[in-house]
A.B. asks: 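My structure is below; once you've seen it, I'll send some questions.
Letters A, B, ... are given to chains in the order of the sequence lines, protein chains preceding strands, and every chain is numbered from 1. Quick caveat: nothing in here was measured; it's all calculated off a predicted structure.
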Protein chains: 2
Amino acid sequence: MKRPTIADIAGRAGVSRSAVSFALNDQPGVSEETRQRVLAVASELGWRPHSAARALRGGRAGAIGLALQRPARLLGAEPFTMELISGLESELSARSCGLNLQVVEDTEAEIATYRRWWAEHRVDGVIVLNLRDDDPRVGVLEDLHLPAVVIGGPAGTGTLPSIWSQDAAGMTDVVEYLAALGHRRLAHVSGDPNMRHIVDRADALREVCRLRGLPEPTTVRADYSDEDSAQATRRLLASPDRPTAIIYHTDLTAVTGLEVALEMGLSVPDELSLVAFNDSRLCRLVNPKLTALAHDIPGRGAQAARMLFAAIESGPGADSQPAEPYRLLPRGSTGVYRTR
Amino acid sequence: MKRPTIADIAGRAGVSRSAVSFALNDQPGVSEETRQRVLAVASELGWRPHSAARALRGGRAGAIGLALQRPARLLGAEPFTMELISGLESELSARSCGLNLQVVEDTEAEIATYRRWWAEHRVDGVIVLNLRDDDPRVGVLEDLHLPAVVIGGPAGTGTLPSIWSQDAAGMTDVVEYLAALGHRRLAHVSGDPNMRHIVDRADALREVCRLRGLPEPTTVRADYSDEDSAQATRRLLASPDRPTAIIYHTDLTAVTGLEVALEMGLSVPDELSLVAFNDSRLCRLVNPKLTALAHDIPGRGAQAARMLFAAIESGPGADSQPAEPYRLLPRGSTGVYRTR
DNA sequence: GACGGCCGTGAAGCGCCCGACCATCGCCGA
DNA sequence: TCGGCGATGGTCGGGCGCTTCACGGCCGTC
């Protein structure tokens with residue numbers, strides 16, 4: 001089975017290759033009649049443009065890139081990435097644009113991937129995840145003039161457009177909600193403090209507590225692992241003035257925290273309330289169900305894809321946009337604090 | 001910033017373009033000295049082959065394709081896909097080969113994607129998931145001569161090499177284990193009966209029960225949704241001769257099942273044992289932890305990638321291979337059945 | 001009859017690979 | 001001594017499929 005080329009079409013339709021090209025690309029230079037004839041032959045032969053030839057000619061690669069900087073174990077566990085991908089896809093497939101995926105070890109490898117993609121003309125643009133402070137990726141992408149959209153920010157993205165989740169607002173909502181329930185001693189199990197949004201949350205937490213006259217909240221760090229988050233929760237709950245409510249940076253971490261709390265004989269939510277950033281099925285599978293800050297991740301993926309297309313088509317300088325705000329979904333894991 | 005081409009290297013090194021090409025591709029025809037000089041200049045300029053030009057020249061596209069036929073919500077929830085991808089990647093990145101991802105609606109769309117990828121020269125081969133009976137994808141890929149590796153089988157994959165999970169063996173292990181614990185009435189919440197491996201499991205279950213003289217097991221169907229699997233479990237447990245052990249086709253479904261059982265006041269594992277196909281963090285997050293049949297998914301992804309490379313390089317006719325067998329991981333959700 | 005608009009053709013070239021060809025040199029046999 | 005020959009190390013140029021610029025007939029119009 002041989003792939004048909006425009007030369008084949010030209011032969012069959014009795015016109016030159018250029019005419020075929022014009023016809024197929026809706027360019028002027030051929031009569032309507034010829035155009036129709038060419039289109040008919042093309043669809044009869046099942047012609048499709050050879051992506052490499054197009055790309056070589058200086059056009060688009062017809063694909064965007066997504067580098068995932070995550071260990072294998074984690075990729076499976078957390079739903080974020082896949083939901084984001086499916087959101088991206090919804091926009092991509094509409095424009096029959098491909099998605100190039102690459103799992104990378106660290107930032108250095110990620111940057112190497114961007115350089116390679118750029119040099120090999122593999123992608124027309126990339127989506128950047130998990131912005132950090134002074135993120136070196138931003139500068140590299142700017143230098144390469146490789147269109148990119150950052151999911152994160154809005155600060156520190158340089159000239160790259162970004163789509164930023166309103167983390168401070170989300171955290172504020174949670175704290176006000178918890179305060180209204182009578183909680184005063186709050187704690188926060190947070191992620192990598194180099195990540196922009198993690199810092200935003202911690203800052204917001206402190207700020208709102210200050211404004212509301214609540215005691216200084218505790219922030220401890222835990223990565224995504226079982227052990228780490230269990231340990232963090234254990235430490236918090238073992239302290240003499242233990243918090244009455246804990247906010248977790250992920251659903252995964254929160255679920256582990258809930259296990260630990262129950263294990264330690266605490267009643268949730270009577271003696272301890274728990275809230276998770278990121279909602280997922282996980283939050284509804286545990287008992288009591290976890291109160292969560294939900295996000296429309298596929299929606300954000302779609303939004304990012306649209307922004308990236310805009311950046312690819314009209315060059316840099318596009319505006320950053322906020323993502324849809326977090327929605328607080330109160331469930332069984334939060335309630336009025338009852339002193340014994 | 002301009003991407004350097006071999007012409008640039010040729011100019012700087014004072015040789016012809018062909019010489020550069022020979023040098024860069026480890027072909028004979030240049031002296032060792034020239035080769036070194038060319039390589040030095042190339043790395044100095046940061047040259048990388050233009051993937052499109054290579055592909056156009058008749059070479060490889062330098063990427064493989066993976067079409068995911070799954071609704072967005074689900075992709076996030078189940079860890080399988082991402083673990084598989086990370087396994088694929090481990091092999092791909094070693095050969096600096098890309099991964100093209102596409103989320104598709106249904107089989108028809110998936111086939112259209114394969115045709116498109118083929119016609120556009122976008123991928124050198126594909127990984128096919130979730131083989132069904134009389135799967136139309138097999139014939140299409142054979143016709144296109146598009147190298148492919150099927151994850152599933154081993155029956156019904158035509159000339160395509162496959163990597164098949166030993167579902168019957170896994171199921172047999174579970175049943176023997178449950179029988180040893182004293183269980184007699186078994187039930188099975190199964191997935192889409194069009195899927196090969198799902199049928200294999202159901203067949204094995206019936207067969208082992210027959211051999212062991214256990215009563216005919218019940219098999220009910222449930223898709224991945226919360227409601228569906230909850231409903232299936234509820235029905236099973238509401239029946240007068242309700243099963244004492246239930247085997248679920250996914251961790252996700254099993255977790256939902258556990259919730260339902262606890263909700264109905266059953267004690268797990270005293271009155272009901274639960275086992276899940278597919279292990280994941282989910283199984284360890286619930287209480288009691290779920291007994292599961294574990295699989296090394298990233299390992300399977302890597303294996304599939306290696307097979308696909310072999311198929312791409314040496315044409316069809318490669319052998320199918322079994323995946324590593326399931327490992328039964330007994331946890332808190334299974335135990336001796338205690339009649340009240 | 002010059003001119004402009006419309007259709008269409010020819011050819012170049014994107015970056016890379018590779019088959020065909022060529023220059024040089026050392027070696028051998030007449 | 002010298003022509004011929006093979007090996008070595010390199011150049012030339014075509015072509016993969018597609019786009020696009022420059023041009024050239026053809027017709028109708030002023």
A.B. asks: Check whether the side chains of H295(A) and R300(A) place a donor and an acceptor atom closer than 3.5 Å, and report yes or no.
C.D. replies: yes

A.B. asks: How many whole angstroms separate atom CG of L56(A) from atom P of dC16(D)?
C.D. replies: 13 Å

A.B. asks: If you take all heavy atoms of G125(A) and L308(A), which pair is closest and at what distance?
C.D. replies: C-CD2, 3.9 Å

A.B. asks: Hey, which of these two, V15(B) or R57(B), hits DNA chain D nearer its 5' end, going by closest nucleotide?
C.D. replies: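 Whichever sits nearer the 5' end wins; that is V15(B).
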
A.B. asks: What's the CD-C1' distance between Q27(A) and dC6(C), to the nearest Å?
C.D. replies: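 Between C1' of dC6(C) and CD of Q27(A): 16 Å.
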
A.B. asks: Can you tell me how far C1' of dC17(C) sits from CZ of R17(B), to the nearest Å?
C.D. replies: 10 Å

A.B. asks: Starting at the 5' end of DNA chain D, which residue's closest nucleotide do you reach first, I6(A) or S16(B)?
C.D. replies: S16(B)

A.B. asks: In whole Å, what is the span from the CG atom of D8(B) to the P atom of dC14(C)?
C.D. replies: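 From D8(B) CG to dC14(C) P: 11 Å.
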
A.B. asks: Kindly say if S31(B) contacts the phosphate of dG10(D), meaning a side-chain N or O under 4.0 Å from OP1 or OP2.
C.D. replies: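 S31(B) to dG10(D) OP1/OP2: side-chain N or O found under 4.0 Å.
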
A.B. asks: Would one find a side-chain N or O of R54(B) under 4.0 angstrom from OP1 or OP2 of dC17(C)?
C.D. replies: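 Indeed, a polar side-chain atom of R54(B) lies that close.
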
A.B. asks: Without decimals, in angstroms, what is the distance between H121(B) NE2 and dG17(D) P?
C.D. replies: 7 Å

A.B. asks: Between dC21(D) atom P and N25(A) atom CG, what is the distance in whole Å?
C.D. replies: 13 Å

A.B. asks: Kindly indicate whether a cation-pi arrangement holds for R137(A) with Y114(A), taking the cut-offs as under 6.0 Å to the six-membered ring centre and within 45° of the axis.
C.D. replies: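 Judged by the rule (NZ or CZ under 6.0 Å from the ring centre, within 45° of its axis), R137(A) is not positioned above Y114(A).
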
A.B. asks: Without decimals, in angstroms, what is the distance between R48(A) CZ and dC18(D) P?
C.D. replies: 11 Å

A.B. asks: Look at the side-chain N and O atoms of T5(B) and state whether any lies under 4.0 Å from the OP1 or OP2 oxygen of dG15(C).
C.D. replies: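 The answer is no; no side-chain N or O of T5(B) sits under 4.0 Å from OP1 or OP2.
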
A.B. asks: Please report, rounded to the nearest Å, how far the C1' atom of dC18(D) is from the CD1 atom of I9(A).
C.D. replies: 11 Å

A.B. asks: Using a 4.0 Å heavy-atom cut-off, does P49(A) contact any base of the nucleic acid, only the sugar-phosphate backbone, or nothing at all?
C.D. replies: sugar-phosphate

A.B. asks: Are D192(B) and R132(B) within salt-bridge range, i.e. N to O under 4.0 Å?
C.D. replies: yes

A.B. asks: Taking the side chain from D8(B) and the backbone from T5(B), do they hold a donor-acceptor pair closer than 3.5 Å?
C.D. replies: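 Pair found, side chain donor or acceptor close to backbone of T5(B).
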
A.B. asks: Would you indicate, yes or no, if dG10(D) has its OP1 or OP2 atom less than 4.0 angstrom from a side-chain nitrogen or oxygen of T34(B)?
C.D. replies: yes

